[in-house]
Asks: 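To start, I am sharing the structure in question, which I have written as structure tokens.
Order of the sequence lines fixes the chain letters, A, B, ..., with proteins taken first and strands second; residue numbering starts at 1 for each chain.
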Number of protein chains: 2
Amino acid sequence: MSGYLGSFVHQVDAKGRVALPASFRRGSESEGFILIQVHEDALSLLPHSSWRPIEEELRELVRKQPQSRARILGLTASALEVSTDKQGRILIPDRMRELVGLGREALFVGALNKIEIWAPDRFEEKTRAPDTKFDRFIESIFA
Amino acid sequence: MSGYLGSFVHQVDAKGRVALPASFRRGSESEGFILIQVHEDALSLLPHSSWRPIEEELRELVRKQPQSRARILGLTASALEVSTDKQGRILIPDRMRELVGLGREALFVGALNKIEIWAPDRFEEKTRAPDTKFDRFIESIFA
DNA sequence: CCACTTTCCCCCACTTTTCCCCACCGGCCC
DNA sequence: GGGCCGGTGGGGAAAAGTGGGGGAAAGTGG
């Protein structure tokens, strides 16, 4: 089965709930997700199947490089297990929304193995920067 | 099932009691925890299942390297078996709270196989240091 | 062996947060 | 139209966090 694709803007209601795009629910509905801040500008939403090997890698990392402990602690501290309610919505805690500037609207972006959640205006900003070298590379992949 | 994730600030009451975050209770409610100071700035709280192999490793270590006995004694001396009361709270002895600068508030941080308990301001300090090289590496794990 | 103090932990009470459930609205397709 | 599906909103029960009273148990000193 192919990865997450597409982008969808949904409303964040007064309780912090957002509907997960229907096309992102398939399969992962029962297993649940991990919500975590990996990048500065966005939250990442990973189905358990994607999260498991990452968790294993983090465990390995802290074992082999004890000096990375604090950094990894910062990661797991801002992570959270989430599941959808009967309406297919997830709850994003206030603190997490503030971290990435999420207001009344949330932009769900399919990113293959995971889903990213952006404030719509920030996404605009970050993806607009031109990069011809990169463009050429992308075009060559599709050629 | 995945490990401990998230961070939660709870009040330490006049009796030294703190509510264990509900999401950290699941499963370990019956088995109990070991509270031990491993790092300078935080207390570690390990469910028995995580503690057992560590205890075994400590025994092994003192058997093979008798000169490490004193250090290990220092570890076990300040460790403690704790269990939750009927309200889901644990009791942190005064002396242990002083060791890591815990005041009226305690920050519970999920760290996969264990839970760390920090003074909120100290945690801020320790995890804030930016490190772009490390960030790149983390991002590559999630890619 | 008996007071006396201290610590612990159970119970009850209260407030806040979470989340379950029902309802509605709009678009799409038969 | 009528049924279905996807997105949105809110009421209310249940759970989580917080605080204190009081009795049992453990530690201390005669």
Asks: Between A/Glu60 and A/Arg63, does any NZ, NE, NH1 or NH2 come within less than 4.0 Å of an OD or OE carboxylate oxygen?
Replies: yes
Asks: Answer yes or no: is there an ion pair linking A/Glu55 with A/Arg52, defined by an N-O contact shorter than 4.0 Å?
Replies: no
Asks: Judged by each residue's nearest nucleotide on DNA chain D, which is more toward the 5′ side, B/Leu20 or A/Lys15?
Replies: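 So the residue in question is A/Lys15.
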Asks: Can you tell me how far C1' of D/dG19 sits from NE2 of B/His10, to the nearest Å?
Replies: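 It works out to 15 Å between those atoms.
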Asks: So, does A/Arg104 get its side chain near the phosphate of D/dG9, meaning an N or O under 4.0 Å from OP1 or OP2?
Replies: yes
Asks: Does C/dC19 pair with anything, Watson-Crick or G-U wobble, both distances under 3.5 Å, and if so, with which nucleotide?
Replies: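 D/dG12 - that is the nucleotide pairing with C/dC19, both distances being under 3.5 Å.
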Asks: In whole Å, what is the span from the NZ atom of B/Lys86 to the C1' atom of D/dA15?
Replies: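 My rounded result for the distance is 17 Å.
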Asks: Calculate the interatomic distance between B/Asp94 atom CG and C/dC8 atom C1'; express it in whole Å.
Replies: 13 Å
Asks: For A/Gln11 and C/dC25, give me the distance from atom CD to atom P, rounded to whole Å.
Replies: 17 Å
Asks: Does a distance-only test, which skips hydrogens and angles, find a donor-acceptor pair under 3.5 Å between the side chain of B/Arg89 and the base of D/dG19?
Replies: yes
Asks: When rounded to the nearest 0.5 angstrom, what is the spacing between CG in B/Leu112 and CD1 in A/Ile72?
Replies: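 Atom-to-atom, B/Leu112:CG and A/Ile72:CD1 are 8.0 Å apart.
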Asks: Between A/Asp85 (CG) and C/dC21 (P), how many Å, whole number?
Replies: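 From A/Asp85 CG to C/dC21 P: 10 Å.
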Asks: Step by step, work out the ring pair (Phe, Tyr, Trp, His ring centres under 6.0 Å) result for A/Phe24 and A/Phe8.
Replies: CA-CA 10 Å; A/Phe24 290 172; A/Phe8 309 84; 5.4 Å; yes
Asks: Please state whether the phosphate of D/dA16, meaning OP1 or OP2, lies under 4.0 angstrom from any side-chain nitrogen or oxygen of B/Arg26.
Replies: yes
Asks: Starting at atom CG of B/Asp13, determine the distance to atom C1' of C/dC11, rounded to an integer number of angstrom.
Replies: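 Answer to the nearest Å: 15 Å.
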Asks: Quiz question: going by heavy-atom distance under 3.5 Å, is there a donor-acceptor pair between the base of D/dG10 and the side chain of A/Arg17?
Replies: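 For A/Arg17, whose side chain was compared with the base of D/dG10, there is a donor-acceptor pair (under 3.5 Å).
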Asks: Rounding to an integer number of Å, can you tell me how far A/Gln87 CD sits from D/dG10 P?
Replies: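 Taking atom P of D/dG10 as the reference, CD of A/Gln87 is at 14 Å.
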Asks: Just the rounded figure in Å: distance from P of D/dT18 to CD1 of B/Ile90.
Replies: 13 Å
